[in-house]
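Throughout, numbering of the chain's residues begins at 1 and tracks the sequence.
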Amino acid sequence: MDAYEIAVIPGDGIGPEVVDAALPLVADAAEEAGFSFETTRFDWGTERYLDRGEMMPDDGLDRLSAFDSIFLGAVGHPEVPDHVTLHGLLLPIRKGFDQYVCKRPNVLFEGIESPLRGYGSGDIDFVVYRENTEGEYASVGGREHRGFDHETAVQSALFTRRGTERIVRAAFEAAAAREGHLTSVTKSNAQAHSMVFWDDVVEEVATEFPSVEVERLLVDAAAMDLIRRPHEFDVLVASNLFGDILTDVGAQITGSMGLAPSGNVHPDESSPSMFEPVHGSAPDIVGEGVANPLATVLSWSMLFEELGETRAADALWTGVTDQLADDDAPRTPDIGGTAGTDDVVADLRSRL
């Protein structure tokens, strides 16, 4: 029997609630599929920052490097600026393990109502490949002359050929395996260096995938078209910032942030990948027991898939889709129900 070591960082806000609720279900799926995993919990996050002045210890990456994969619940706290929490935990892990593919599927499941008129089950089904280690989130720049009238802030985006080419190629491979349509999102009209460079790389890599149809959109047009014609998208590839923004749009038009999973993937086994729900720490509902656990369950499905455990991955994904399609199944308030987190997970366990 295969056995895996998984690092679990519940994090902030509703993170511990959804992580703890989902773990027994995830263990059921693994057992049924014939493998096991052990979790090691790291209570890193904003509570640690408020107590010790650091989100994680100095040797945090060294400690995580021994694991087969990482699961993160959420990051963010109302008492600490977001740039502190992000740069103290999430970004160091993404960059430290070179998790250059941020993969975010967006599916309108049966039983879920989109805020867009006229869309039903399966009408929206696309995945965003977001560059995850450089671009606009590179820590290049600084502030000078603080407190004076000429105080200056400089933030530079960084695009390397290696970084751009590998995310673009990963997106082309995904498009070739799906519906054969790739949308590259840039802002080439305004950013004549970095984004035109991105366009050039897309054009070069496209020659390797003659069966894939390539569409090029400016990010403002892409945001508009995700609302106007989401059914026409298959695979989107975008820079760190643009991918971040567009995936929030994608989560909303497919029903709820509580249904949106994601993976921060290093495609070979030299470093662990990390999986997390997109919804964040949701401080407004902490402790109420109503956080939607489904994005967490779907993120575990992605984790198992990346480990090659497709049977368990499919079981979790199918359990969620079957539950959402069942009008009598419990639902959390974000998707129109009155059930709590534990009720939803208990129902999922019965479906396994």
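Each of Leu241 and Val140 belongs to its own hydrophobic cluster when Ile, Leu, Val, Met, Phe, Trp and Tyr are linked at side-chain heavy-atom distances under 4.5 angstrom.
Checking side-chain atoms of Asn106 against main-chain N and O of Ala251 turns up a donor-acceptor pair under 3.5 Å. Judged by distance alone, the side chain of Thr341 and the main-chain N or O of Ala291 form a donor-acceptor pair under 3.5 Å. One N or O on the side chain of Gln155 and one on the backbone of Ala138 form a donor-acceptor pair closer than 3.5 Å. Looking at Asn132, its side chain does come within 3.5 Å of a backbone N or O of Gln99 through a donor-acceptor pair. Remark: the backbone N or O of Gly76 is paired with a side-chain donor or acceptor of Ser281 at under 3.5 angstrom. Looking at Asp125, its side chain never comes within 3.5 Å of a backbone N or O of Val107 through a donor-acceptor pair. Counting only distance, with no hydrogens or angles, the side chain of Ser69 and the backbone of Ser273 share a donor-acceptor pair below 3.5 Å. Distance alone, capped at 3.5 Å, is enough to place a donor-acceptor pair between the Asp68 side chain and the Glu5 backbone. Of the possible donor and acceptor atoms, one in the side chain of Asn264 sits under 3.5 Å from a partner among the backbone N and O of Met274. For the pair Arg41 (side chain) and Val8 (backbone), a donor-acceptor distance under 3.5 Å is absent.
By the 4.5 Å heavy-atom criterion applied to side chains, Glu134 and Asn240 are not counted as neighbours. For the pair Val235/Thr183, no side-chain contact is recorded, criterion being any heavy-atom separation below 4.5 Å from C-beta on. Side-chain contact between Thr186 and Leu217: absent, with no pair of heavy atoms (C-beta onward) separated by less than 4.5 Å. Residues Val278 and Asp248 are in side-chain contact: their nearest non-hydrogen atoms beyond the backbone lie under 4.5 Å apart. Looking only at side-chain heavy atoms (C-beta outward), Val297 and Val26 stay at 4.5 Å or farther from each other. For the pair Val168 and Thr164, the minimum side-chain heavy-atom distance is below 4.5 Å. Side-chain atoms of Thr160 and Glu165, non-hydrogen and from C-beta on, never get closer than 4.5 Å to each other. In this structure, the side chains of Lys187 and Asn189 come closer than 4.5 Å at one or more pairs of heavy atoms.
Annotation: Glu151, atom CD; neighbour count of heavy atoms from other residues, nucleotides and ligands within 6.0 Å is above 12. Open room surrounds CD on Glu179; 12 or fewer heavy atoms of other groups in view lie less than 6.0 Å from it.
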- [ ] Just do the side chain to side chain donor-acceptor pair (under 3.5 Å) check on Gln323 and Asp347 with the steps written out, would you?
- [x] CA-CA 8 Å; Gln323 183 188 72; Asp347 180 77; 2.8 Å; yes

Open item on the list: Using the rule given for side-chain contact (heavy atoms from CB on, under 4.5 Å), can you reason through Ser239 versus Phe159, listing the C-alpha separation, both sets of side-chain angles and the distance that settles it, and then say yes or no?
Closed with: CA-CA 9 Å; Ser239 66; Phe159 291 85; 3.8 Å; yes

- [ ] Give the C-alpha distance, both sets of side-chain angles, the deciding distance and a yes or no for side-chain contact (heavy atoms from CB on, under 4.5 Å) between Phe233 and Leu226.
- [x] CA-CA 8 Å; Phe233 291 98; Leu226 281 176; 3.7 Å; yes

Open item on the list: For Val84 and Tyr49: C-alpha separation, side-chain torsions, deciding distance, then whether side-chain contact (heavy atoms from CB on, under 4.5 Å) applies.
Closed with: CA-CA 9 Å; Val84 172; Tyr49 177 83; 3.5 Å; yes

Task: side-chain contact (heavy atoms from CB on, under 4.5 Å) assessment of Leu259 paired with Thr254 - done: CA-CA 8 Å; Leu259 298 174; Thr254 52; over 6 Å; no

- [ ] Applying salt bridge (charged side-chain N to carboxylate O under 4.0 Å, His left out), run through Glu276 and Arg94 and close with a yes or a no.
- [x] CA-CA 12 Å; Glu276 57 175 323; Arg94 287 176 176 173; 3.2 Å; yes

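Side-chain heavy-atom separations under 4.5 angstrom define the hydrophobic clusters, and the remaining members of the one that includes Ile285 are Ile14, Val286, Val290. Grouping Ile, Leu, Val, Met, Phe, Trp and Tyr by side-chain contacts under 4.5 Å, direct or through others, leaves Leu218 on its own.
With salt bridges taken as basic N to acidic carboxylate O contacts below 4.0 Å, one links Arg349 and Asp28. Using a 4.0 Å cut-off between charged nitrogen and carboxylate oxygen, Glu208 and Arg169 count as a salt-bridge pair. Between Arg48 and Asp51 there is no salt bridge, since no side-chain nitrogen of the basic residue lies less than 4.0 Å from a carboxylate oxygen of the acidic one. The pair Asp58-Arg63 fails the salt-bridge criterion, with no side-chain N (NZ, NE, NH1 or NH2) lying under 4.0 Å from an Asp/Glu carboxylate O. Arg162 and Asp98 are joined by a salt bridge, as a carboxylate oxygen and a charged side-chain nitrogen come within less than 4.0 angstrom of each other. Checked for salt-bridge contact, Arg178 and Glu173 miss the test: no charged N lies under 4.0 Å from a carboxylate O. No salt bridge links Arg331 with Asp343; every basic N to acidic carboxylate O contact stays at or beyond 4.0 Å.
Aromatic ring centres of Trp198 and Phe242: separated by at least 6.0 Å. You'll find the ring centres of Phe71 and Trp300 inside the 6.0 Å limit. Under the 6.0 Å cut-off for aromatic ring centres, Phe42 and Phe67 qualify, their centroids lying closer than that.
Residue Met195 holds its CE atom at 8.0 Å from OG of Ser184, rounded to the nearest 0.5 Å. To the nearest 0.5 Å, the span separating CG on Asn292 from NE2 on His279 amounts to 7.5 Å. Taken to the nearest 0.5 Å, the NE2 atom of His181 stands 7.5 Å off from the CG atom of Asp234. In this structure, Ser139 OG and Leu91 CG are separated by 7.0 Å, a value rounded to the nearest 0.5 Å. One finds the CE atom of Met257 at 6.5 Å from the CD atom of Gln252 (value rounded to the nearest 0.5 Å). Considering CD1 of Ile70 and CG of Leu64, their distance stands at 4.5 Å, rounded to 0.5 Å.
Looking at residues two or more places apart in sequence or on another chain, you find a ring-ring contact (aromatic ring centres under 6.0 Å, His included) between Phe172 and Phe209. The ring-ring contact (aromatic ring centres under 6.0 Å, His included) test applied to His145 returns His150, not counting sequence neighbours. With sequence neighbours excluded, the residues satisfying ring-ring contact (aromatic ring centres under 6.0 Å, His included) with Tyr4 are Phe35.
What you find for Ala312 and Ala29 is that their closest heavy atoms are CB-O, 3.8 Å. Closest approach of Phe275 to Gly263, counting heavy atoms only: CD2-CA, 3.5 Å. Nearest heavy atom pair, residue Ser256 against residue Ile335, reads CB-CG2, 3.7 Å. Between Ala295 and Pro261 the shortest heavy-atom distance is O-CB, 3.8 Å. Residues Ala313 and Ser301 come closest through the heavy atom pair O-OG, 2.7 Å. Shortest non-hydrogen contact noted between Gly250 and Phe126 is CA-CZ, 3.9 Å.
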Which side-chain N or O atoms in residues 110-120 pair as donor and acceptor under 3.5 Å with protein atoms at least two apart or in another chain?
unit_1, atom_1, unit_2, atom_2, d
Ser114, OG, Leu116, N, 3.0
Ser114, OG, Ile253, O, 2.6
Tyr119, OH, His231, ND1, 2.8

